[in-house]
Peer 1: 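Please see the structure below; I have some questions.
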Amino acid sequence: MSPKPKGNQKKLINSTEGIYLVDAGAGTGKTFTVSRRYAKLLKKETEPEDILLATFTENAAENMREEIINYCNCDLSKLREAPISTFHGFCQQLLMKKGFKAPAGLGLEEAITANTRTISNRVQENREFANFYDSFQENYPEYGQFYRIVYENTNLLQLIKSLAVKGIFPKQSGWYRGGDKLLSGNYHEYLEKLERVNAPVPGKRGKKQSKLLNRLTGMKNRTFDSEEIKRRQDIRDGKQVDPGVMKEAFNQDRSELIAFIHDLYLEYLNYALGRNYLNFSFQLMFAYVLLMEDDRLRESIQFDYVMVDEFQDTNEIQFKLSLLLSSTGNILAVGDWKQSIFGFQYASVENITEFEDRLDEFYHQLNKDRQRTPYTPGEVNRISLRRNYRSSQEILNFSERALEVRGKKEEEVSLNREVVSLEAAKSKVDTDISAFVSESEVEGVLSRLVRVVEGDEAKLNGNPIEYKDVAIFSRNRSFARELDKKARELGVSVAYEGGAEIFKSDPGVILLAWLRVMERRNSKRGWSVILDEAGYNIAEVKSIIDEEDFPPDTLRFRDQLKEAYDIGAVTRKIFIRYGFDNTFTDAIIEVLQNTFDSSYMNLASVVQFIEENIRQGETYDIDSQKEEATTVQTIHSAKGLEYPVVFLANMNQHTFPSTNSDGKRIFYNDSLGLRARKSYSDSDGFLYDDLETYLTSRVSGVDYSEERRLLYVAMTRAENYLFLSAEKGKEGRFFKELDLDPVDLEPSIDEIKSRRAARPRKTLRVGRPGSKRPKKKSVHSVIDITFENHSGGRGKEFGTMIHAFAEKIASGKEVTVSQEERGKEDKVNVKNFIQSLSGKLLPEQEVLIPKYENETKHVYHGSIDLLHVSDDRVRVIDFKTDEDRTNESQYKRQISLYAEGVSAEYPDREITGHIYYTKLNKLVTTFKI
DNA sequence: AGCGCACCTGTTTTT
DNA sequence: CAGGTGCGCT
């Protein structure tokens with residue numbers, strides 16, 4: 001059953017000593033190979049705790065862990081604890097265990113505490129930052145000129161975070177370990193680019209002027225300070241820009257700007273620590289400082305083996321952490337530069353493309369004043385995985401063209417790095433690449449989709465294509481949402497996946513209305529939504545609000561809401577009233593509960609939070625449950641996935657490639673350092689364009705390489721069929737440059753409707769697995785109970801509430817049960833029961849249980865309500881809100897599975913399984929080992 | 001062929 | 001607000 005490693009996969013598994021950079025292209029079995037290499041190390045007597053395996057997402061880490069557990073027959077509890085995680089997760093743990101004093105490494109007085117949380121919500125941090133920025137402006141009036149430049153203060157926050165991941169940190173005085181050198185930029189790099197772009201281009205009739213001079217058109221539309229422009233009256237030097245002017249521009253004095261950013265950065269760190277939070281960038285920063293400064297700690301932590309997956313998504317500080325965390329120099333970096341698409345999120349492709357240079361540079365930085373890494377890196381060994389187990393050779397060949405396609409007409413693409421061509425492991429007959437354009441693209445794509453599924457033109461190994469075999473990608477979310485909406489209207493089986501603006505949805509709007517009404521009895525904005533929803537017409541709504549003569553049932557409901565003990569409960573009550581129950585409501589409840597996690601509920605701040613989410617267009621992930629439908633998603637969210645049929649839609653002008661212009665007034669990049677785009681003139685009070693910044697930033701043109709990689713990622717998701725689509729007459733550069741010879745498609749709505757109605761399908765398939773997306777198997781999949789009888793008719797929401805209540809008590813929080821509260825009886829029972837237990841209480845314990853079924857190994861996931869650990873015995877307790885014991889036999893299977901998972905952890909103790917019926921106040925023993 | 005100008009249009013998201 | 005594109009002038 002389990003596949004055997006082949007070729008270079010084998011080589012990678014067996015090469016464990018030294019530094020390895022592995023080029024693992026799309027679909028080459030990376031997870032598989034890395035997990036086998038891990039297993040190999042275990043066989044060589046290495047303990048899991050001596051191997052650090054870092055991945056990009058939590059999900060990837062869990063998949064890797066599962067893969068390893070599946071394959072290895074070794075101590076499960078050790079593997080569960082093993083450091084297989086994201087860099088962030090690792091740093092968080094490190095800081096919590098040993099890092100309270102880390103900020104002292106920067107000379108900060110504030111410390112990290114046990115209460116320091118990680119802020120993950122952008123809206124939340126922006127709000128904190130805005131609050132901080134107000135007081136900063138008061139305390140530092142001397143930076144007035146910069147406050148006038150900045151129009152969006154969250155840009156400053158982004159800037160600070162991007163400096164942090166590059167290893168540029170402020171100290172109480174000055175900058176940490178010479179980080180400020182980077183702030184002045186890299187003159188060599190600048191000069192190199194300048195010379196290339198400033199040389200006159202030879203044309204047919206002599207020398208044309210330089211590209212730089214061309215790029216400077218538009219200069220006359222800007223307003224430069226007259227003094228400034230006078231000093232550089234003539235920037236021309238024949239057919240090029242005067243190199244002296246360009247040099248002077250680079251060397252512009254920016255000491256005040258740097259001082260401003262220093263103080264802002266430093267004070268923000270103090271603020272965040274004082275308010276007990278860190279963001280993801282600061283987490284990495286403090287972990288790094290800690291490891292740099294505390295030699296004994298570093299030595300005690302360093303690993304025998306460090307393996308980093310998805311290396312193309314790492315940033316500078318993560319590269320340095322990898323070196324710093326190794327005790328031996330046995331380091332593995334696996335990735336594919338062609339799939340690096342998160343640059344805007346601080347990932348740095350150069351970590352791979354300039355691996356050797358960076359290794360050398362970073363190694364010397366780390367060991368500058370004393371030896372911190374007890375090894376010298378030897379030669380870098382390179383291994384390439386080129387066998388692709390996903391796509392047809394046709395698609396693989398075609399997708400390579402994506403890497404060389406021009407982003408604009410004049411661009412010259414130079415691929416100055418090696419592309420490891422992929423070879424299809426299996427030849428496929430059912431494969432094709434085609435393109436089409438249509439006047440209304442949404443309809444065009446849908447009609448093409450319907451034809452592919454309902455028609456007979458394409459097959460997969462002789463089987464018809466199903467909706468779920470197909471994915472539709474777009475560069476931006478808005479097209480994907482639009483398509484999803486249209487598909488719903490026409491009844492085409494399509495489901496959107498990815499981020500959505502949940503607070504703009506119907507449930508979100510109603511929720512906000514009720515919260516407003518709770519906050520202020522006569523909130524106009526609140527009532528108008530509620531009354532409108534209740535069916536009153538505009539005139540009626542107006543008079544009700546004017547007279548404050550609100551319908552009694554709504555007032556009663558409002559009072560009920562006020563009694564709920566936290567925001568989650570309020571939200572649930574509202575959604576139940578309206579019968580809302582979908583992916584949006586789930587997401588809203590989750591977000592609110594995570595954000596307002598205390599039982600103390602401040603309505604005003606919840607309202608503000610939601611308003612801010614709406615204003616900023618913040619999105620949250622929703623998963624659609626429609627397993628049989630075609631997925632619509634952005635290319636970014638499709639990374640790592642694969643589908644037999646892929647539509648790459650919306651390849652239109654201004655969209656794909658998208659023009660990447662960050663209009664930030666103060667920005668940083670590697671070659672220019674820190675610069676301000678505008679300058680404020682004290683003499684006349686005007687804001688001018690900054691000439692120096694304008695000139696220098698013209699040197700590097702727009703870079704389309706990440707857009708090309710995005711195109712490459714999209715194409716390499718396809719196994720058999722690839723369709724490319726654009727709006728007729730609006731075809732974008734990529735679509736044009738690919739030379740596709742598109743078919744002109746004239747969609748008709750009637751055709752879509754009739755085709756999808758024509759043939760009710762029966763799914764019958766042979767020899768082909770279904771969705772390949774990673775699916776966790778829940779313990780609940782072994783029991784077969786619907787929610788109606790699950791909680792004895794009291795509903796899913798009731799069960800969740802009681803479980804949340806139990807978790808609070810078990811984790812030692814103060815709780816009170818009021819007289820008229822819902823579920824009072826159950827709660828009192830639970831409270832008394834839990835308080836009667838002596839010993840250690842571990843609520844909500846995650847378990848992983850490997851299990852053989854039909855000779856295949858599965859890993860089940862589950863969450864144990866309560867683990868009661870005493871010296872000789874461990875009780876696995878599951879709370880049930882059922883009013884009778886009819887489901888008990890089903891529950892027994894569930895609990896025995898839990899107990900199996902637990903027994904691996906506590907091999908020397910007796911394990912017993914129990915059900916506690918909260919209504920019946922009865923503890924039933926179901927299991928004994 | 002080479003250059004300049006007016007017009008058009010608008011992004012991705014994990015920890 | 002900045003960049004690409006296409007058109008029109010020289």
Side-chain angles (χ1 to χ4, degrees), chain A residues 54-61 85-92 118-122 125 151-152 158 161 164-165 200-209 211 213-223 239 278-284 287 310 313-315 317-318 340-347 406-411 473-480 498-500 617-621 633-640 650 652-665 677-678 689 694 697-698 701-704 706-707 709-711 713-714 730-733 736:
Chain A
T55 60
F56 184 52
T57 63
E58 296 282 4
N59 231 337
S85 71
T86 60
F87 270 107
H88 291 90
F90 177 80
C91 292
Q92 165 73 11
T118 311
I119 251 190
S120 56
N121 187 293
R122 214 183 64 194
E125 192 183 10
Y151 61 95
E152 180 68 58
Q158 277 179 39
K161 290 203 255 184
V165 299
V201 183
K204 293 195 175 158
R205 283 190 285 174
K207 287 192 170 181
K208 287 201 261 180
Q209 64 177 222
K211 277 189 199 148
L213 219 34
N214 277 334
R215 277 187 202 158
L216 287 173
T217 51
M219 200 165 142
K220 57 180 82 58
N221 299 332
R222 318 192 142 262
T223 44
K239 296 243 176 221
L278 294 178
N279 60 38
F280 292 116
S281 298
F282 293 170
Q283 229 169 41
L284 297 178
E310 307 280 11
D313 294 324
T314 55
N315 53 43
I317 203 169
Q318 287 166 332
S340 172
I341 56 172
F342 287 104
F344 64 91
Q345 204 47 266
Y346 315 134
R406 287 184 293 186
K408 64 172 172 176
K409 232 177 176 176
E410 278 81 26
E411 197 191 8
F473 301 151
S474 94
R475 175 65 179 83
N476 57 24
R477 234 186 285 121
S478 59
F479 181 85
E618 184 67 346
T619 61
Y620 298 90
D621 255 13
Q633 58 194 157
T634 62
I635 304 173
H636 281 95
S637 68
K639 202 187 167 205
N650 199 219
N652 300 335
Q653 273 177 40
H654 310 287
T655 310
F656 198 19
S658 92
T659 51
N660 235 339
S661 63
D662 69 29
K664 281 172 206 129
R665 295 279 172 86
R677 241 178 259 282
K678 301 267 179 185
D689 287 296
Y694 183 72
S697 59
R698 226 92 300 241
V702 184
D703 186 7
Y704 287 98
E706 187 150 316
E707 292 292 302
R709 295 195 293 265
L710 203 48
L711 181 62
V713 168
K730 297 269 173 72
E731 298 88 344
R733 192 39 59 192
K736 286 183 187 162

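Labels below follow one simple rule: chain letters A, B, ... track the order of the sequence lines, proteins then strands, and each chain is numbered from 1. Note that these values count all heavy atoms, side chains included, but never hydrogens, waters or copies made by symmetry.
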Peer 1: Answer with yes or no whether A/H654 presents, from its side chain, a donor or acceptor under 3.5 Å of a partner atom in the base of B/dT9.
Peer 2: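 No, no donor-acceptor pair under 3.5 Å.
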Peer 1: In whole angstroms, how far is the P atom of B/dT9 from the CG atom of A/N652?
Peer 2: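 After rounding, the gap between these two atoms is 12 Å.
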Peer 1: Between C/dG3, B/dT15, B/dT11, which nucleotide has the shortest distance from any of its atoms to the side chain of A/N476?
Peer 2: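 Of all the options, the side chain of A/N476 is nearest to B/dT11.
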Peer 1: Is the distance between the ring centroids of A/F87 and A/F56 under 6.0 Å?
Peer 2: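 Aromatic pair excluded; centres sit 6.0 Å or further apart.
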Peer 1: C/dA2 P sits how many Å from A/L216 CG, rounded?
Peer 2: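 Atom-to-atom, A/L216 to C/dA2, this comes out as 13 Å.
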Peer 1: When you get a sec, tell me which of C/dG6, C/dG4, B/dT12 is the closest nucleotide to the side chain of A/K409?
Peer 2: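 That would be C/dG6.
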Peer 1: Hey, which of these two, A/K678 or A/K736, hits DNA chain C nearer its 5' end, going by closest nucleotide?
Peer 2: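 Closer to the 5' end of DNA chain C: A/K678.
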Peer 1: Counting side-chain heavy atoms from CB outward, which of B/dT12, B/dT15, B/dT14 is closest to A/F56?
Peer 2: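 Taking heavy atoms from C-beta onward, the closest nucleotide is B/dT14.
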Peer 1: Determine, for A/K678 against A/D689, whether the closest basic-nitrogen to carboxylate-oxygen distance falls under 4.0 angstrom.
Peer 2: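 A salt bridge links A/K678 with A/D689.
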Peer 1: Can you tell me if A/Q283 and A/T118 form a side-chain donor-acceptor pair at under 3.5 Å?
Peer 2: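 Looking only at side-chain atoms, A/T118 and A/Q283 do form a donor-acceptor pair, the distance falling under 3.5 Å.
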Peer 1: So, A/F473 versus A/H636, ring centres under 6.0 angstrom or not?
Peer 2: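 No, the ring centres sit 6.0 Å or more apart.
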Peer 1: Any base atoms under 4.0 Å from A/E58, or only sugar-phosphate, or nothing? Heavy atoms, all strands.
Peer 2: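 The answer is sugar-phosphate, as A/E58 gets under 4.0 Å only of primed atoms, P, OP1 or OP2.
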Peer 1: In whole Å, I'd like the distance from the NE2 atom of A/H88 to the C1' atom of B/dT15.
Peer 2: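 Rounded to whole Å, this separation is 4 Å.
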Peer 1: Inspect the contact between A/E707 and A/R733 and indicate whether a charged nitrogen and a carboxylate oxygen are less than 4.0 angstrom apart.
Peer 2: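 Result for this pair is no, no salt bridge flagged.
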Peer 1: Can a side chain N or O of A/R698 be found less than 4.0 Å away from OP1 or OP2 on C/dG3?
Peer 2: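 For C/dG3, OP1/OP2 do have a side-chain N/O of A/R698 under 4.0 Å.
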Peer 1: C/dG3, OP1 or OP2 - any side-chain N/O from A/R215 closer than 4.0 Å?
Peer 2: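 No.
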Peer 1: Roughly, in whole Å, what's the span from CD1 in A/I317 to C1' in B/dT15?
Peer 2: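 After rounding, the gap between these two atoms is 14 Å.
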Peer 1: Rounded to the nearest Å, what distance is computed from the NZ atom of residue A/K211 to the P atom of nucleotide B/dG2?
Peer 2: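 Atom-to-atom, A/K211 to B/dG2, this comes out as 14 Å.
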Peer 1: Which of the following nucleotides, B/dT12, C/dT5, B/dG4, is nearest to the side chain of A/R733?
Peer 2: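 Nearest nucleotide to the side chain: C/dT5.
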Peer 1: Can you see if the side chain of A/Y704 gets near the phosphate of C/dG4 - specifically, an N or O under 4.0 Å from OP1 or OP2?
Peer 2: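 Answer yes for this pair, as a side-chain N or O of A/Y704 is under 4.0 Å from OP1 or OP2.
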Peer 1: Check every atom of B/dT11, C/dG3, B/dT12 against the side chain of A/S658 and return the nucleotide holding the closest atom.
Peer 2: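 Nearest nucleotide to the side chain: B/dT11.
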Peer 1: Tell me which of A/R665 and A/K408 sits closer to the 5' end of DNA chain C, going by the nucleotide each one is nearest to.
Peer 2: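 Its nearest nucleotide lies further toward 5', so the answer is A/R665.
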Peer 1: Please report the distance, rounded to the nearest Å, between CG in A/N121 and P in B/dT15.
Peer 2: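 One finds 14 Å between P of B/dT15 and CG of A/N121, rounded.
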Peer 1: Check every strand shown and say whether A/F656 touches a base, only sugar-phosphate, or nothing at a heavy-atom separation below 4.0 Å.
Peer 2: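 No contact.
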Peer 1: Send over the distance from A/Q318 CD to B/dT15 P, rounded to a whole Å.
Peer 2: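 Result: 12 Å.
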Peer 1: Which part of the nucleic acid, if any, lies within contact of A/S120, taking any heavy atom under 4.0 Å across all strands shown: a base, the sugar-phosphate backbone alone, or nothing?
Peer 2: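 Nothing, no nucleic acid heavy atom in range.
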Peer 1: Any side-chain N or O of A/K161 less than 4.0 Å from the OP1 or OP2 oxygen of B/dT15?
Peer 2: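 No.
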